[in-house]
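Written below as C-alpha cells is the structure these notes are about.
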Number of protein chains: 2
Amino acid sequence: MATTTRTTDRGTAYFPRLAAERLDIALCRASAAVARAADAHATEEGLGVGQHLVLQMLDAVGPCSQQTLSEELRIDRSVMVGVCDDLEQAGHVRRERNPRDRRSYAVTITDSGRRRLARAQALIPAFLDDTFKVLTSDERGQLSAILAKLLQAGVGGPR
Amino acid sequence: MATTTRTTDRGTAYFPRLAAERLDIALCRASAAVARAADAHATEEGLGVGQHLVLQMLDAVGPCSQQTLSEELRIDRSVMVGVCDDLEQAGHVRRERNPRDRRSYAVTITDSGRRRLARAQALIPAFLDDTFKVLTSDERGQLSAILAKLLQAGVGGPR
DNA sequence: TGCAAATCATCTGCTGTCAAACAGTCTGTT
DNA sequence: AACAGACTGTTTGACAGCAGATGATTTGCA
C-alpha cells in the first residue's frame, strides 16, 4: 500500500546496528544504560550505589573525610553530604569531628555498616552474572580493564 | 606523628585500584563517567546527545514517530517531547501529523538538520580520539563490541 | 602577630530524567 | 454500531546530580 509519508515501523533495530559498526556518540549512551542497570539493582536492594561505594572504601582503608571519599569515588561533594546523611541515620556510619582539622569529619564505618556491606556484597555476583550474562569471561575481563584504564585517565571530569 | 583517628590522605587512588581488580558495582559507576564525557562534549558543542541521535537516525532511516525514535534510541517518551521541541524550534526537524495514524507524528529531518548533523559528526572523531586516547586500537574495538552486545541484550531496561 | 588565600562541609538554584496520569486516537470483539 | 482495551504524545510532580556561593576553619606568608 502506497503512502506519501513512509513511517519506519517497529523492529528496525536501528540503534544496535549502528552501535555495532563503529564507536561513536551512541556508544557513550550505552554506557549510561550499564550505569542505570546498577542503579536499578541498588535501589531495589535498598542500598544506593553511592552508599555502597562509601561503605566499601571505609571498610577497606579506614576513616576518611567526606572530601577524600568524594574525590576517590568520583561523587560530588554536595552529593556526598546526603549519602553520608543516609548512612549515618541508618547507623552504618559515624561522623566524628577530626580533632586535627575541625573543618572535616572522620567518617567511620560501624559494625552495623560492615554487616550491611557484607549483605550487599553477597548479592553482587548474581547481579553481575545476570547483567553481563551475554558476555564471555574474556569480554568481562576486557571491559573491566578498559573501564579501569579510562578511570585512571580521568575520563568524565575531575569529580 | 601518632593520631588516634587515622584519616586517609590524598593520593590513595583507591577507586582505580579497586576497579582494576574485579568487575563490580564500582565499574558501573565508571560507565556513568563515560556517558558524562559525551554529555559534556555535546552541550559544549551546542547539540545534545539526544538531538544528535535523533538527527542521525532520521537521516539514516527516514521519517519516524516519536515513539519509534524513543524505543530505538532508548530515550524516554516524555524526554523525546522536549528533544523534538528543540530540534523543531531550531528548524532541524518538521513535525507533521501522520495521516494514517493521527495519534503519531511523522518526524522528518530538514536540510538545515542535515547540515547541522554533518557539522556535529565532523567533530566526533576528534572527541573520541581525545576521550579514548589512553586506549589502544584493539581496546577501542573491544569496548565497541562489548557495549553493542550489551545493548542488543537490552541492558539497562526497555527505555 | 596579622591577614589573605585555601580547604571542608553545607546549602541553594538549575537542569535533566523518570514515573504516573491524562486526552485523543486506533483496533478488535461483540 | 458500540464499547473495552491498547497506543501516541503530552503534562505534571518527585527526585538526583552539578555549579556556585557561604560559613567555619586552617595554612601560608609578610
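Note that this is a predicted model, so its numbers are computed, not measured.
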Rounded distance in Å - [atom1] ([X]) to [atom2] ([N]):
{"X": "Glu96(B)", "N": "dT8(D)", "atom1": "CD", "atom2": "P", "result": "19 Å"}
{"X": "Asp39(B)", "N": "dC14(C)", "atom1": "CG", "atom2": "P", "result": "21 Å"}
{"X": "Arg36(B)", "N": "dG16(C)", "atom1": "CZ", "atom2": "C1'", "result": "14 Å"}
{"X": "Asp76(A)", "N": "dC8(C)", "atom1": "CG", "atom2": "P", "result": "14 Å"}
{"X": "Glu88(A)", "N": "dA9(C)", "atom1": "CD", "atom2": "C1'", "result": "13 Å"}
{"X": "Leu53(A)", "N": "dG17(D)", "atom1": "CG", "atom2": "P", "result": "12 Å"}
{"X": "Gln67(B)", "N": "dC7(D)", "atom1": "CD", "atom2": "C1'", "result": "7 Å"}

Nearest heavy atoms of [X] and [Y], plus distance in Å:
{"X": "Gln121(A)", "Y": "Gln56(A)", "result": "NE2-NE2, 3.0 Å"}
{"X": "Val61(B)", "Y": "Cys64(B)", "result": "CG2-SG, 3.7 Å"}
{"X": "Asp76(B)", "Y": "Ser70(B)", "result": "C-OG, 3.6 Å"}

Leu53(B)-Val79(B) co-clustered via ILVMFWY side chain contacts under 4.5 Å: yes
Knowing that exactly one of Gln66(B), Arg97(B), Arg95(B) qualifies, which makes a side-chain hydrogen bond (donor to acceptor under 3.5 Å, both in side chains) with Tyr105(B)? Arg97(B)
Is it true that Asp39(B) and Arg36(B) make a salt bridge, defined as a side-chain N closer than 4.0 Å to a carboxylate O? no
Ignoring hydrogens and angles, tell me if any N or O in the side chain of Arg94(A) forms a donor-acceptor pair with the backbone of Thr108(A) under 3.5 Å. no
Side chain to side chain contact (heavy atoms under 4.5 Å, CB included) with Arg115(B): which residues, sequence neighbours excluded? Asp111(B), Ser112(B)
Distances under 3.5 Å between protein N/O atoms and the N/O atoms of nucleotides 10-16 of chain D, please, pair by pair.
unit_1	atom_1	unit_2	atom_2	d
dT10(D)	OP1	Tyr105(B)	OH	3.2
dT10(D)	OP2	Gln66(B)	OE1	3.1
dT10(D)	OP2	Gln66(B)	NE2	2.9
dT10(D)	OP2	Arg95(B)	NH1	3.3

Heteroatom pairs (N/O) under 3.5 angstrom, protein to nucleotides 23-26 of chain C:
unit_1	atom_1	unit_2	atom_2	d
dC26(C)	OP1	Arg102(B)	N	3.2
dC26(C)	OP1	Arg102(B)	NH1	3.4
dC26(C)	OP2	Arg102(B)	NH1	3.1

